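We count ligands from 1, going down the list as the structure has it; atoms in each ligand are counted the same way. Since the model is a prediction, treat every value here as computed from it, not as a measurement.
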Amino acid sequence: MNDEVLNQAPPLTGYNLFATDRVLREAVAREGAGWSCAALEEFGGKAGSAEAMEWGGQANEYPPVLQTHDRYGRRRDEVEFHPAWHNLMRLAVEHGIQSSPWAHARAGAHVARAALAMLASENEAGHVCPISMTYAAVPVLRQNAAIAEEWTPRVFSTVYDAAFRPVTEKRSALIGMAMTEKQGGSDVRANVTRAEPASEGAYALTGHKWFCSAPMSDAFLVLAQAPRGLSCFLLPRWMPDGKRNAFHLQRLKAKMGNRSNASSEVEFQGAWARLIGEEGRGIATIMEMVHHTRLDCVIGSAALMRRAVVEAFHHARHRHAFGRALIRQPLMRNVLADMALESAAATMLAMRLARAFDEGDRAFARLAVAVGKFWVSKRAAPLAAEALECLGGNGFVEQSMMPRLYREAPLNSIWEGSGNVMALDVLRAISKEPAALERVLAEIRLARDARIERLVAGIHQNAAESGARRVAESLALGLQASLMVRFGQRAFADAFCASRLEGDWGHTFGSLPEGCDIDAVMAAGEAELPEVTESAGT
Ligand SMILES: Cc1cc2nc3c(=O)[nH]c(=O)nc-3n(C[C@H](O)[C@H](O)[C@H](O)COP(=O)(O)OP(=O)(O)OC[C@H]3O[C@@H](n4cnc5c(N)ncnc54)[C@H](O)[C@@H]3O)c2cc1C
C-alpha cells in the first residue's frame, strides 16, 4: 500500500483574508474607510485562521437542532447550536459587525463594517444572517424612541450573550425579521397575521410565518394586519413580565445551504408586540431594514465569489496536469482570469454601495442597491459552479469548501427580494424617483469612456416589465465598469469592458476574447495568493 500523496494541493487555511485581498484593501481606502485597515487586517487574520475556518466547517456539519418541548411537555421553543456557531457569532459581535456604524458613527463607518461583514462571510456565510439582520434593524428601531432607548444599547454591545433570557437580563441583543408567510412572500400585502390592539399600546399578534431565520434572536420585526392596515411591530421572545412570549417554533427548514443558520416556521398565538412607525405604514417602515439587508446580500455574494476564486487559484497553482501546473494551462488561465474579474467587480461595487450609506446619498442608494442586489447575487451561482469545477473531482467532495459555497450561492438572490422582484424594483425606482436614475447615470459616466457611453445609450429607461432584467443588468455593468475603468488596473478594465460591455464573450466563464491581457489579470491574482505552509507533496 502506498500512502504517499502526490500532486494534491495543501489545505487552504490559516491566511489573512484581508491582507491577501488587494481589491478589497484598495476599495476600503477609496471609499473612505482607510482608517479601519489595521482593524480589518486584525479581523482578517482571526477570521482566516485555521481555527476559525474549522469553526465554519463544524457549524455546517453539525447544524442547529430544534427543541420544541422539554421532557415534561412544557414548551421550550429553543434552538441548540454547536459551539462552533457560538464561536463565530462571538467573533462577529466582538468586532461590532452587527451595529458598529450606528454605535460609532463616523465617515466611512458603513464601509468599514461592510468589509468586516465580507471577511466574516468568506469564512462562513450562515452566521452573518443574524448579524446582518441586527445591523439592518437599527434604523427601524430608531423610529420609535421608547423602543430605541430600550433596545439599541444592547444591540450596540460587543459582548456576545447567547443566553435565552429576557433582554433586560442580557448584556447584548440580536434582532431578526419575520415577514414571509405561506400564501405571500414577495407579495407581503397578502399577509394574514393579525394584530389586535391590547393593553397599554401593545398588540396581540396571531398568525404564522413561513420563514423566520435566526429564531434565537431576542426580538423580531414583524409585519401584521392591524385595524388600519399592514403594520410593523417589534415582537420580543420574552414579555415585560418575564414570561415567554407566545412565539412557537414549529419546525426548522431543511435547507440546501446556509445550514449552520436556523430558519424556522413560527406561530404567534396572541404574541405580545409593540408598534413601530404608523399603523398601516408597515411596508414603508420595514423597507428601511430591507434596504440595509439588500446591501448585505451584495456583500455576502462578493464574499462568496472571492472565497471561491481563491480556492480555485490555490488548487490550480498546486495541481499539475498534462505536464504543468493547471495555473499555467492557457485555457485554465482564461477561466481563472474571467472569474477574478467578476469577483473584483463585485467587491468594488459592494464597497461603493456601502459608501452611499455613509454619505446618506439616498437617491443613489435607492437605485444602485437594487441594481447591485439583483446582479451581484445572480453572478454568485454560476461562478461558484465554475470555481468548483476548477478543483475537478476534489471540488465535488464535501471536505472541500466547494459544495458549501455552491449550495449557499443562490440564496442571496432569493431572499430580501428575489431576482424578478429586484428587477421590477429597479424599474419602479426609475419611474418614481428620476433623481435616482440621474445620480446612478452620472456616477457611471464619471469614467468618461466610450464603451461605457455606448452601454448607457442602449439602456431602455421606459422598458416594460418583461424587459426589467435587461435594464438592471445594464445599470449594474455600467456601475462596475465605471469603477473598473476609474480605479482598476488597465488590464482588468479592458477585459471587463470587452467581455461584459462589448459582448466579445461566450456563455461560460473562460471565454475572454483574444487580445485581453490575461497574463496581467493572472499576475495580479497570483501575487496575492495566500501562502500556506504545509508541503504540497508535488
Ligand atoms: C434560507 C431562507 C431564509 C429566509 N429567512 C427569512 C426571514 O428570516 N424572514 C423573512 O421574512 N423571510 C425569510 N425568507 C423568505 C424569503 O425572503 C422569501 O423566500 C423571498 O422573499 C421570496 O418570497 P417567496 O418565497 O414567497 O417567493 P414568491 O414571492 O412566491 O416568488 C417566487 C418567484 O416569483 C418571482 N416573482 C414574484 N413576484 C413576481 C412578479 N410580480 N413578476 C415576476 N416574477 C415575480 C420571484 O422573483 C420568485 O422568483 C427566507 C428564505 C430562505 C430561502
Side-chain angles (χ1 to χ4, degrees), residues 60 63-64 79 125-137 140 174-193 205 207-224 230 232-233 235 237 247 249-268 282-283 285-287 289-294 296-297 300-301 304 370 373-375 377-378 380-381 404 407-428 463-472:
N60 284 274
V79 181
H127 78 289
V128 185
C129 169
I131 295 293
S132 167
M133 289 198 287
T134 303
Y135 157 72
V140 179
L174 296 170
I175 311 288
M177 168 216 274
M179 292 203 290
T180 309
E181 298 189 3
K182 282 195 197 89
Q183 74 290 345
S186 313
D187 189 4
V188 286
R189 285 180 200 282
N191 277 11
V192 294
T193 295
L205 267 55
H208 182 274
K209 295 291 173 183
W210 187 231
F211 278 96
C212 176
S213 289
M216 292 307 285
S217 300
D218 297 281
F220 300 82
L221 291 170
V222 173
L223 287 183
L230 197 59
C232 181
F233 296 90
L235 190 158
R237 296 259 0 225
F247 175 104
L249 294 175
Q250 294 192 308
R251 61 174 167 170
L252 298 186
K253 300 286 192 188
K255 295 181 287 184
M256 71 174 271
N258 198 254
R259 288 185 179 161
S260 64
N261 180 30
S263 297
S264 65
E265 292 169 23
V266 60
E267 182 140 335
F268 310 141
I283 297 178
T285 305
I286 210 162
M287 278 316 286
M289 176 175 191
V290 173
H291 191 47
H292 289 80
T293 49
R294 284 178 177 171
D296 278 10
C297 289
S301 298
L304 189 147
K373 156 75 167 86
F374 170 79
W375 181 244
S377 307
K378 274 263 168 273
R404 206 170 101 204
R407 288 193 296 260
E408 187 75 25
L411 183 53
N412 280 311
S413 189
I414 292 172
W415 62 20
E416 308 301 331
S418 303
N420 287 350
V421 171
M422 292 316 306
L424 292 172
D425 192 48
V426 167
L427 285 195
R428 193 174 313 114
E465 277 195 17
S466 59
R469 283 189 180 220
R470 286 285 280 267
V471 177

From Met177 atom CE to Cys212 atom SG, the distance as rounded to the nearest 0.5 Å: 10.0 Å
Could you list which atoms of ligand 1 come closer than 4.0 Å to a heavy atom of Lys255? 1 (C)
If we ignore angles and hydrogens, is there a donor and acceptor under 3.5 Å between the side chains of Asn420 and Arg469? yes
Is a donor on one side and an acceptor on the other found under 3.5 Å between the side chain of Arg407 and the backbone of Met256? yes
More than 12 heavy atoms of other residues, nucleotides or ligands under 6.0 Å from CD of Glu465: is that the case? no
Less than 4.0 Å between atom 25 (O) of ligand 1 and some protein heavy atom, yes or no? no
Determine yes or no for a side-chain-to-main-chain donor-acceptor pair under 3.5 angstrom, with Ser413 supplying the side chain and Pro410 the backbone. no
Does atom 33 (C) of ligand 1 have a protein heavy-atom neighbour under 4.0 Å away? no
Enumerated ligand 1 atoms positioned under 4.0 Å from heavy atoms of Ile414: 20 (C), 21 (O)
Which value, rounded to the nearest 0.5 Å, describes the distance between Leu411 atom CG and Lys255 atom NZ? 7.5 Å
Distance-only, no hydrogens or angles: does the Arg294 side chain make a donor-acceptor pair with backbone N or O of Ala370 under 3.5 Å? no
Which residue owns the protein heavy atom closest to atom 38 (N) of ligand 1, what's the atom, and how far is it? Val421 CG2, 4.0 Å
Sub-4.0 Å heavy-atom approach of Gly176 to ligand 1: no
Which atoms of ligand 1 have any heavy atom of Glu416 under 4.0 Å away? 17 (O)
So between Asn258, Val188, Asn420, whose heavy atom ends up nearest atom 44 (N) of ligand 1? Asn420
pair Asn258-Trp415: side-chain heavy atoms closer than 4.5 Å: yes
N or O contact, Gly185 vs ligand 1, cut-off under 3.5 Å: yes
Do any N/O atoms on Gly184 end up under 3.5 angstrom from N/O atoms on ligand 1? no
Say whether, by atom type as modelled, one donor and one acceptor occur between the side chain of Asn191 and the main chain of Met179 under 3.5 angstrom. yes
Is there a polar contact, in the sense of an N or O pair closer than 3.5 Å, between Phe211 and ligand 1? yes
Leu424 heavy atoms within 4.0 Å reach ligand 1 at atoms 40 (C), 41 (N), 42 (N)
Please check if the side chain of Gln183 supplies one atom and the backbone of Ala190 the other of a donor-acceptor pair under 3.5 Å. yes
Number the atoms of ligand 1 from 1 as they appear, then name those within less than 4.0 Å of a heavy atom of Met179, with their elements. 10 (C), 11 (O)
Angle class for the Phe247/Phe220 ring planes (parallel below 30°, perpendicular above 60°, tilted otherwise)? parallel
Is there a side-chain contact between Thr285 and Val140 in this structure, where contact means two heavy atoms from C-beta onward sitting under 4.5 Å apart? yes
Is there a nitrogen or oxygen of Ser213 sitting under 3.5 Å from a nitrogen or oxygen of ligand 1? yes
Could you tell me whether Ala214 approaches ligand 1 through its side chain, its backbone, both or neither, with non-hydrogen atoms closer than 4.0 Å? neither
Paired with Glu265, the side-chain hydrogen bond (donor to acceptor under 3.5 Å, both in side chains) test is passed by just one of Lys253, Gln250, Lys209, namely Lys253
Under 4.0 Å from a heavy atom of Ala178: which atoms of ligand 1 are those, numbered in the order shown and with their elements? 11 (O)
Regarding ligand 1, does Leu411 bring an N or O atom to under 3.5 Å of one of the ligand's N or O atoms? no
Out of Ser413, Pro130, Ser418, indicate the one that has the non-hydrogen atom closest to atom 46 (C) of ligand 1. Ser418
the protein heavy atom lying closest to atom 12 (N) of ligand 1 turns out to be Thr180 OG1, 2.6 Å
protein heavy-atom neighbour closest to atom 9 (N) of ligand 1 works out as Met177 O, 2.9 Å
Tell me the protein heavy atom at minimum distance from atom 30 (O) of ligand 1, and give that distance in Å. Ser186 OG, 4.9 Å
